[in-house]
Amino acid sequence: MDDNGLVTVRSAVSVRETVDRIVATVSAHGLIVFARIDHGDGAARAGLALRPTELVIFGHPRGGTPLMQDSQTAGLDLPIRALAWEDADGAVWLTYERPAWLAARHGLGAASAAAVEAIAAGLDMVAKAATAT
């Protein structure tokens, strides 16, 4: 499913395992994991219920800097974020922003086109590795 620049794919494993796989995959490819945020844990600490939901923020200056050189507002959407979440039926999903949408949103042009394509290919590879059986 693809809506409002978001790509959502079903995961064959738990939210935690999906994010563990993202962390392992991006780390193995030399990317930096900037943060891992467990929204479910945060909700529980506030006395609220939330199905498993984790956000991972990752990237590398080699990938993101060309986008910001083209349009510094791209920094609002960088580093890359991916959200693993469980729906009401217990299915697990991975959602991330489509790089082409980011490019359109920030008016990126030819100067960053190769970087946008590389990020898209990388995200596709990470999503497949994170969600496969």
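In what follows, residues are counted from 1 in the order of the sequence shown. This structure is a prediction, so every number in the text was calculated from the model and none was measured.
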Colleague: Could you grab the distance from atom CG of Leu83 to atom CD of Glu97, nearest 0.5 Å is fine?
Modeller: 12.5 Å
Colleague: Tell me whether Leu50 is reachable from Ile37 by hopping between hydrophobic residues (I, L, V, M, F, W, Y) whose side-chain heavy atoms are closer than 4.5 Å.
Modeller: no
Colleague: Run the side chain to side chain contact (heavy atoms under 4.5 Å, CB included) test against Arg51 and tell me which residues pass, sequence neighbours left out.
Modeller: Glu86, Ala88
Colleague: How close do Ser112 and Asp70 get, heavy atom to heavy atom, and via which atoms?
Modeller: OG-OD2, 2.7 Å
Colleague: Can you tell me how far CD of Glu54 sits from CG of Asp38, rounded to the nearest 0.5 angstrom?
Modeller: 4.5 Å
Colleague: Could you identify which residues cluster with Val92, counting Ile, Leu, Val, Met, Phe, Trp and Tyr as linked when any side-chain heavy atoms lie under 4.5 Å apart, either directly or through a chain of such contacts?
Modeller: Val15
Colleague: Would you please test Phe58 and Thr25 for side-chain contact (heavy atoms from CB on, under 4.5 Å) and show each step?
Modeller: CA-CA 11 Å; Phe58 61 93; Thr25 301; over 6 Å; no
Colleague: May I ask you to decide if Asp89's main-chain N or O and Asp87's side chain share a donor-acceptor pair within less than 3.5 Å?
Modeller: yes
Colleague: Please list, one pair per line, the donor and acceptor atoms closer than 3.5 Å that link side chains of residues 114-133 to other protein atoms, with sequence neighbours excluded.
Modeller:
residue: Asp124; atom: OD2; partner: Lys128; partner atom: NZ; Å: 3.1
residue: Thr131; atom: OG1; partner: Ala127; partner atom: O; Å: 2.7

Colleague: Applying a strict under-4.5 Å side-chain criterion to I, L, V, M, F, W and Y, I'd like to know whether Leu55 and Val13 cluster together.
Modeller: no
Colleague: Can Arg45 and Asp41 be counted as an ion pair, charged N to O under 4.0 angstrom?
Modeller: yes
Colleague: Could you see if Tyr96 belongs to whatever hydrophobic cluster contains Trp101? Use Ile, Leu, Val, Met, Phe, Trp, Tyr and a side-chain cutoff under 4.5 Å.
Modeller: no
Colleague: Report, as yes or no, whether the 6.0 Å neighbourhood of atom CZ on Arg62 holds more than 12 heavy atoms from other residues, nucleotides or ligands.
Modeller: no
Colleague: Mind checking the CD-OG1 spacing from Gln72 to Thr65? Nearest 0.5 Å is all I need.
Modeller: 10.5 Å
Colleague: Indicate yes or no: at least one non-hydrogen side-chain atom of Arg105 is less than 4.5 angstrom from one of Asp77.
Modeller: yes
Colleague: Is the backbone of His106 close enough, under 3.5 Å, to the side chain of Ser71 for a donor and an acceptor to pair up by distance?
Modeller: yes
Colleague: Between Ile57 and Trp85, is there shared hydrophobic-cluster membership here, with clusters defined by ILVMFWY side-chain heavy atoms closer than 4.5 Å?
Modeller: yes
Colleague: Do Ser14 and Asp20 touch side chain to side chain, with heavy atoms closer than 4.5 Å?
Modeller: no
Colleague: Specify the closest pair of heavy atoms between Gly59 and Pro79, including all atoms of both residues, with the distance to one decimal.
Modeller: N-CB, 4.4 Å
Colleague: If you round to the nearest 0.5 Å, how far is CG of Leu78 from CE of Met68?
Modeller: 5.5 Å
Colleague: Rounded to the nearest 0.5 Å, what separation is found between the CG atom of Leu94 and the CD1 atom of Ile22?
Modeller: 4.5 Å
